Amino acid sequence: MEKIKMTTPLVEMDGDEMTRIIWQMVKDELLTPYIDLSTEYYDLSLKNRDDSDDQITIEAAKANMKYGVSVKCATITSNKDRMKEYNLKHLTKSPNGTIRSMLDGTVFRAPILVKGIRPVVRNWMKPITIARHAYGDVYKNTEMRIEGPGKAEIIFTAADGTETRQTVFDFKGPGVFMGMYNLDASIESFARACFSYALSVKQDLWFGAKDTISKTYDGEFKNIFARIYEEEFKDLFKEAGITYFYTLIDDIVARLMKTDGGFVLALKNYDGDVQSDMLSSAFGSLAMMTSVLVSPHGYFEYEAAHGTVQRHYYKHLKGEQTSTNSVATIFAWTGALRKRGELDGNTALVDFAGKLEQAVIATVESGKMTGDLARITELPNVEVMTTEGFIKAIRATLDTMM
């Protein structure tokens, strides 16, 4: 079979640990046999980011701006334990946070549904899509350790030199404090992305924050969403037969347990991070979720939304067999390839992405799956496969489709 040609490269961001191993397996077994794969490669492994003083992350984000579409492997965000383990020079910030702050936009995450795996919340009959703001907040915070008594302040110096200051806290002893920010322009693009996405899928949109406590910060999110809805989307939502409403984040969590799904849930950056992991796990597995950053500037970044599967990686290093779920990694690639094909008018690439996704779902529904899914499936007589064996089984299914 003649390989599918690509006219524009993807930006490829490699990662860490077990997901890095899977990344190469997916390329070798499921991509390069069928596609003349063209990528601009960036190694975002933890040690490489440390060695480059995180410049490799910045260069990868710039490349995403140049080519429009990227695909990213899971990466480690360093802490003190990782700093010691990898002999790092310094702690680096979240690479996802760095990339998202440069690209701006909204992360849309949705569960990958397969027959035989029912959500833990039994009344969830339809998927719930998380729309997560991808700019600022705690991911770009400035924080400080306080060693003794003193006054912590927030000071804003305007362009004309005038100052506004507020006391955060009068410390009587050691502690910590933090400052973070956001921009009206970014919140507005987040709101428009959420409303537009809900219209495209004809699903209700919920938005949750905590404006009763954070009256200015979260209040700004609430007010901007309300204004844009009234001015730009209210009539469109009415025509589509869908609704928008705002409520507190704690009320959102309570409502989630009672709904049957089938809506878009818009959340701030950290709230979206936490809730997307909860939802993906409740729908089946952290590895059964799609994730794409949609930037208002026309950039797209597809990623595996889970971690680097550290425990399996240590087993792999000992030469032991692992059964690691590669579905989210595969769907990150298919999402990026589909978008690249759509932007380039490359129908063969778009069709291939769809077939590969169908092959993944068909393989799982045939009873061949990794251990995390085997533990929760309702299918009888399943075959628990190794990491590599599962990917090879998908290839066998894909070959029948090609």
Side-chain angles (χ1 to χ4, degrees), residues 10-35 37 39 41-46 60 64 69-77 95-96 99 107-114 117 276-277 280-281 283-293 300-313 315-316 322-340 349 352-364 368-373 385-395 397-398:
L10 285 175
V11 177
E12 178 185 353
M13 306 180 193
D14 211 344
D16 289 296
E17 297 187 326
M18 197 64 206
T19 45
R20 186 182 180 94
I21 305 298
I22 290 172
W23 193 260
Q24 192 61 50
M25 288 182 184
V26 169
K27 288 173 64 178
D28 292 344
E29 288 290 335
L30 301 178
L31 301 180
T32 55
Y34 310 96
I35 306 171
L37 193 63
T39 70
Y41 178 85
Y42 293 86
D43 183 358
L44 298 193
S45 60
L46 180 57
N64 199 155
V69 185
S70 69
V71 57
K72 181 182 174 297
C73 183
T75 46
I76 297 169
T77 298
N96 289 335
I99 293 165
V107 176
F108 292 96
R109 289 181 172 171
I112 301 165
L113 302 183
V114 296
I117 298 176
S276 62
D277 278 8
S280 62
S281 182
F283 269 104
S285 168
L286 289 171
M288 298 293 287
M289 172 170 275
T290 62
S291 180
V292 55
L293 169 67
F300 299 85
E301 183 216 15
Y302 295 80
E303 63 173 339
H306 54 71
T308 57
V309 204
Q310 179 184 14
R311 180 173 57 87
H312 286 201
Y313 180 61
K315 288 181 66 177
H316 172 81
T322 62
S323 183
T324 315
N325 192 332
S326 53
V327 172
T329 297
I330 297 169
F331 272 65
W333 274 103
T334 57
L337 290 169
R338 179 183 291 106
K339 180 55 66 175
R340 181 77 279 160
L349 197 59
F352 172 79
K355 287 179 180 177
L356 179 50
E357 290 177 356
Q358 291 169 24
V360 172
I361 293 171
T363 300
V364 175
K368 297 177 180 179
M369 60 189 71
T370 48
D372 61 322
L373 298 182
M385 312 201 79
T386 65
T387 305
E388 186 175 8
F390 179 59
I391 292 172
K392 287 182 178 293
I394 293 169
R395 179 171 180 179
T397 306
L398 181 61

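Count residues from 1 along the sequence. All figures in this text were calculated on a predicted structure; none of them were measured in a lab.
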Tightest non-hydrogen contact, residues Met288 and Val114, listed as CE-CG1, 4.1 Å
Specify the closest pair of heavy atoms between Ser323 and Thr370, including all atoms of both residues, with the distance to one decimal.
-> OG-CA, 3.3 Å
Of all heavy-atom pairs linking Met369 and Val364, the shortest is CE-O, 3.4 Å
Any residue meeting side chain to side chain contact (heavy atoms under 4.5 Å, CB included) with Thr290, in chain and number order, not counting sequence neighbours | Ala110, Ile112, Phe331
side-chain contact (heavy atoms from CB on, under 4.5 Å) between Tyr42 and Asn64: does it pass, once the steps are laid out?
-> CA-CA 11 Å; Tyr42 293 86; Asn64 199 155; over 6 Å; no
Report yes if some heavy atom in the side chain of Asn325 is under 4.5 Å from a heavy atom in the side chain of Ile22; otherwise report no.
-> no
Residues in side chain to side chain contact (heavy atoms under 4.5 Å, CB included) contact with Ser276, at least two apart in sequence or another chain | Arg109, Ile130, Met289
In chain order, what residues pass the salt bridge (Lys or Arg N to Asp or Glu O under 4.0 Å) check against Arg338, with sequence neighbours excluded?
-> Glu357
Is any side-chain heavy atom of Val71 closer than 4.5 Å to a side-chain heavy atom of Lys339?
-> no
Arg395 side chain reached by Tyr34 side chain, heavy atoms, under 4.5 Å = yes
Has Glu388 got more than 12 heavy atoms of other residues, nucleotides or ligands less than 6.0 Å from its CD?
-> no
Which heavy atom of Asp14 sits nearest a heavy atom of Cys73, and at what distance?
-> C-CB, 3.9 Å
Say whether, by atom type as modelled, one donor and one acceptor occur between the side chain of Thr329 and the main chain of Ala304 under 3.5 angstrom.
-> no
Can you tell if the side chain of Tyr313 reaches within under 4.5 Å of the side chain of Asp16, non-hydrogen atoms only?
-> no
Full working for side-chain contact (heavy atoms from CB on, under 4.5 Å) between Met13 and Ile99 | CA-CA 11 Å; Met13 306 180 193; Ile99 293 165; 3.7 Å; yes
